[in-house]
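Only one structure is covered here, and it is reproduced in the block below.
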Amino acid sequence: MHDPSASVQFLALGLTLAFSWAFQVKEYRTEKVTEGPFGRPVIYFKQGAKIISPWHEIPLYARDGNLHYICEIPKWTSAKMEVAIDEECTPIKQDVNDKGLRFYPIPSNWNYGLLPQGDKDPVDVMEISSKAHHQGDVYEVKPLGVYAVIDGGKLDWKVIAISLDDPLAELVNDAADIEMHLPGELEAIKIWLSKYKESEGISLIKFGYHGKCLDRKSAQEVINETHELYGALKSGARLHDGNLSLI
């Protein structure tokens, strides 16, 4: 739990009313604190006085088979923020190293976040709508495609999605539609993924499937599979190394 003496800034009253089968994303707010010698930003999710986990307590599925995604890094920003899956209630934190807070060398031209309730490491989302999203807010998106990034021999899926409130949302329904309406967008995403990994000392980034962005059907299969693995993790049917917080 965070230090009660930390400075507190209320970011927003996150209001997202979206139904997922019998589930509802309830009214919540985000609370930003700073901690440690570097003034590390930390974002907690709260319902009333209760701190909740954005990874565990926000449902994956939204209306009409669409998805909820949580924004960690708004487009045009460079602070490297991500859900701390090894801490109770899994707040969003900025990464640090021995030199201080971590930033991407090149700001992202896309909103970056995660899908809740996915595997042992939440599935990343690169959201391509025209507006910058608010850090810690939950949005309804539809998946369009997915990249298979090979990072240190480990498969790291990057789902490409678009928010339902974007003007292009009705026109863009699959990876091929991205190239039609936003030519060059998929290649720019792939280049950015390579560049930011290089900045972290990873000299060789590989992409599965010959670097192709797979289609929406493939993205949905990845999402379904990782969600099933997450369910097994939560139920205890699948073991983990003990470094994950399941609350």
Side-chain angles (χ1 to χ4, degrees), residues 1-3 6-18 25-36 38-48 50-60 62 66-97 100-118 121-141 158-166 169 189 192-193 196 199-200 245:
M1 214 57 66
H2 66 275
D3 181 356
S7 62
V8 176
Q9 175 186 1
F10 290 103
L11 291 177
L13 181 66
L15 292 173
T16 307
L17 296 178
V25 176
K26 298 178 182 178
E27 182 178 322
Y28 72 95
R29 60 187 173 93
T30 52
E31 180 180 303
K32 185 174 183 179
V33 306
T34 56
E35 67 176 23
F38 302 124
R40 182 186 196 181
V42 182
I43 299 171
Y44 289 93
F45 288 64
K46 301 186 79 173
Q47 288 178 348
K50 179 188 176 185
I51 297 177
I52 66 169
S53 166
W55 180 24
H56 300 308
E57 297 187 65
I58 292 173
L60 171 62
N66 294 303
L67 307 171
H68 292 128
Y69 114 97
I70 303 158
C71 179
E72 295 167 304
I73 306 171
K75 67 188 300 181
W76 307 314
T77 68
S78 60
K80 193 174 187 303
M81 306 286 292
E82 62 183 355
V83 165
I85 58 176
D86 59 343
E87 296 189 22
E88 184 177 333
C89 297
T90 64
I92 294 175
K93 292 190 169 190
Q94 186 167 356
D95 279 3
V96 295
N97 55 27
L101 301 175
R102 296 181 65 186
F103 294 86
Y104 292 127
I106 307 170
S108 171
N109 287 327
W110 309 274
N111 296 297
Y112 199 104
L114 74 142
L115 297 177
Q117 301 183 355
D121 190 5
V123 177
D124 292 331
V125 174
M126 302 186 74
E127 194 281 324
I128 64 171
S129 62
S130 56
K131 294 181 179 179
H133 284 170
H134 297 287
Q135 205 168 58
D137 276 7
V138 180
Y139 296 85
E140 289 187 46
V141 300
K158 304 291 183 182
V159 169
I160 313 301
I162 190 167
S163 179
L164 297 188
D165 61 4
D166 188 78
I189 289 173
W192 185 85
L193 287 169
Y196 96 77
S199 73
E200 296 176 342
S245 172

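Nothing here was measured: the structure is a model prediction, and the numbers come from that model.
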- Passes side chain to side chain contact (heavy atoms under 4.5 Å, CB included), Y112 versus W192? Steps please. CA-CA 12 Å; Y112 199 104; W192 185 85; 4.0 Å; yes
- Task: Verify salt bridge (Lys or Arg N to Asp or Glu O under 4.0 Å) between K50 and E57, making sure each step is shown before the conclusion.
- Result: CA-CA 12 Å; K50 179 188 176 185; E57 297 187 65; 3.4 Å; yes
- Task: Evaluate the side chain to side chain contact (heavy atoms under 4.5 Å, CB included) criterion for residues L164 and N66: first the C-alpha distance (whole Å), next the side-chain angles of each, then the deciding distance (0.1 Å), finally the verdict.
- Result: CA-CA 9 Å; L164 297 188; N66 294 303; 3.5 Å; yes
- Item | Derivation of the side chain to side chain contact (heavy atoms under 4.5 Å, CB included) call for D166 and I128 | CA-CA 9 Å; D166 188 78; I128 64 171; over 6 Å; no
- Task: Step by step, work out the side chain to side chain contact (heavy atoms under 4.5 Å, CB included) result for V33 and Y44.
- Result: CA-CA 8 Å; V33 306; Y44 289 93; 3.8 Å; yes
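Contact annotation: the side chain of L193 approaches that of K158 to within less than 4.5 Å [non-hydrogen atoms, C-beta and beyond]. By the 4.5 Å heavy-atom criterion applied to side chains, K46 and I52 are not counted as neighbours. A heavy-atom distance below 4.5 Å is found between the side chains of P59 and H68. A heavy-atom distance below 4.5 Å is not found between the side chains of L114 and V123.
Pairing each heavy atom of P74 with each of T77, the nearest pair is O-OG1, 2.6 Å. Closest heavy-atom contact between M81 and P41: CE-O, 4.1 Å. In this structure, R102 and Q94 approach most closely via the heavy-atom pair O-NE2, 2.9 Å. Nearest heavy-atom pair, I85 versus T90, reported as atom, atom and distance to 0.1 Å: CA-CG2, 3.9 Å. Pairing each heavy atom of Y69 with each of V141, the nearest pair is CD2-CG1, 3.5 Å. Between E72 and I92, the shortest heavy-atom contact is CG-CD1, 4.1 Å.
Between the CH2 atom in W76 and the NZ atom in K131 there is a gap of 10.5 Å [rounded to 0.5 Å]. Within the model, atoms CD1 of I162 and CG of N111 stand 10.5 Å from one another, a figure rounded to the nearest 0.5 Å. Within the model, atoms CD1 of I73 and OG of S108 stand 7.5 Å from one another, a figure rounded to the nearest 0.5 Å. Atoms CG and CG, from D95 and L101 in turn, are 9.5 Å apart once rounded to the nearest 0.5 Å. Taken from OG in S78 to CD1 in I106, the straight-line distance is 10.5 Å, to the nearest 0.5 Å. Here CD1 of I160 is found 8.5 Å from CH2 of W110. Values are rounded to the nearest 0.5 Å.
A ring-centre distance under 6.0 Å is found for Y139 and H133.
Each of D137, V138, V83 was compared with I70 under the side-chain contact (heavy atoms from CB on, under 4.5 Å) criterion, and only V138 meets it.
Remark: D165 engages S163 in a side chain to side chain donor-acceptor pair (under 3.5 Å) (not counting sequence neighbours).
Ion pairing of K93 with E35 is present here, as a side-chain N (NZ or NE/NH1/NH2) and a carboxylate O approach within less than 4.0 Å.
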